[in-house]
Each structure stands twice: as structure tokens, then as C-alpha cells.
Amino acid sequence: MLQCTAVTHVPYAEALLALATMEGGPEHPPDAVEPEDFVLCELGDHDESAEHAGHLWTADTAIDQDLWLLWSGTGAHRVHRLDMLRLCPAVLREFATRTVTTCAYFDHHPGPHSFSVTDPLGDLIAEHVHSEVRRLVAEDDAPGAPDAPDVPD
């Protein structure tokens, strides 16, 4: 399933207050959120009956919970709320590779788990970064490039 594409402005004052008062929050909340920050809904594509959700902070506590920004509506009818939510307990086990992937969302989230949601924009950005790295490595290995190994004549 594709990731939801909803975006919202982070309510700065409310986010600072939530970060400053939460257990396991950042030492200096203004470093964690900027006045002009936006968040993208991280959930799988969903209808208007479900709230959008963007992760803001992972709490450093014994209880696995994170600070999430949840919102619904659009324009002047948009409603935000910040909430500390427990992590989803779902895991995906791949026996062939012996890997375990945990769901990155909150408990009782709507829709599929994070390991079933794809982010086409994130995949596109990652592919661009990887191609740039490959190009730079190839340029560094080219004869005559600085620090390239000498090629005998």
C-alpha cells in the first residue's frame, strides 16, 4: 500500500510544550522542532474517517511510547492534537533471511503496518542518493582523478 500524502504544519508552541513536559523528551526542545516545520502523514493511504499521523519524538523511557502529531480536516477546519502513544507490537518475521521488522507506528493505528506501506518519494530520493554515490565513486576511481591509483603506461 502507498503512504498517505497528507502534510500539515507543526503547531510550534503546542509541540514545544509537549516536548518540554513529556517524560523522556529532548533536553532542549527548540532543537527538536522548528517554527516552520511540516510533517507528512506516515500511515498507509486512508480515507477521511481516520486521523493523519506524523511521528515527532521517540521518548527515552522504559515504556515504548512516542510523541505523535495527529490531525484531521483541511484548511480552516483542520484540527491538531499531540499525543504520547504506545508503539504497535506487530512484527514481520522473514524466516529465509532471519530478519525481524517492527511496525514503526503507534498501537491501534488505522490501516496496514509500516512494513506494508511504501513511500514512493522516499524510494525515489534514496535511489537518487545511491546513484550520486555511485557516480562520485566512479569519478574518484577514474584515471587522472585526485587520489586515484596510478595506472601504468
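Numbers for residues simply follow the sequence, beginning at 1.
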*Euclidean distance, Leu17 CG relative to Leu82 CG, rounded to 0.5 Å*: 9.0 Å
*Quick one: do Met1 and Phe115 end up in the same hydrophobic cluster if we chain Ile, Leu, Val, Met, Phe, Trp and Tyr together by side-chain heavy atoms under 4.5 Å apart?*
no
_Taking side chain to side chain donor-acceptor pair (under 3.5 Å) as the criterion, tell me which of Arg81, His80, His46 meets it with Glu51._
Arg81
*Do Leu56 and Trp71 belong to the same hydrophobic cluster, where Ile, Leu, Val, Met, Phe, Trp and Tyr are linked whenever their side-chain heavy atoms lie under 4.5 Å apart, directly or via other members?*
yes
*Do Tyr105 side-chain atoms and Pro110 backbone N/O form a donor-acceptor pair below 3.5 Å?*
no
*asked:* Show the nearest heavy-atom pair for residues Phe38 and Glu36, with the distance to one decimal.
replied: CD1-O, 3.3 Å
*Say you draw a straight line from CD1 of Ile63 to CG of Leu87; how long is it, rounded to the nearest 0.5 Å?*
11.0 Å
*For Trp68 and Ala53, which heavy atoms make the closest approach, and how far apart are they?*
CE3-CB, 3.9 Å
*So do Leu70 and Leu85 actually touch side chain to side chain, heavy atoms under 4.5 Å?*
yes
*Is there a donor-acceptor contact under 3.5 Å from the side chain of His9 to the main chain of Pro35?*
yes
*Is there a side-chain contact between Thr8 and Arg78, using heavy atoms and a 4.5 Å cut-off?*
yes
*asked:* Between Glu23 (side chain only) and Thr61 (backbone N and O only), is there a donor and an acceptor less than 3.5 Å apart?
replied: no
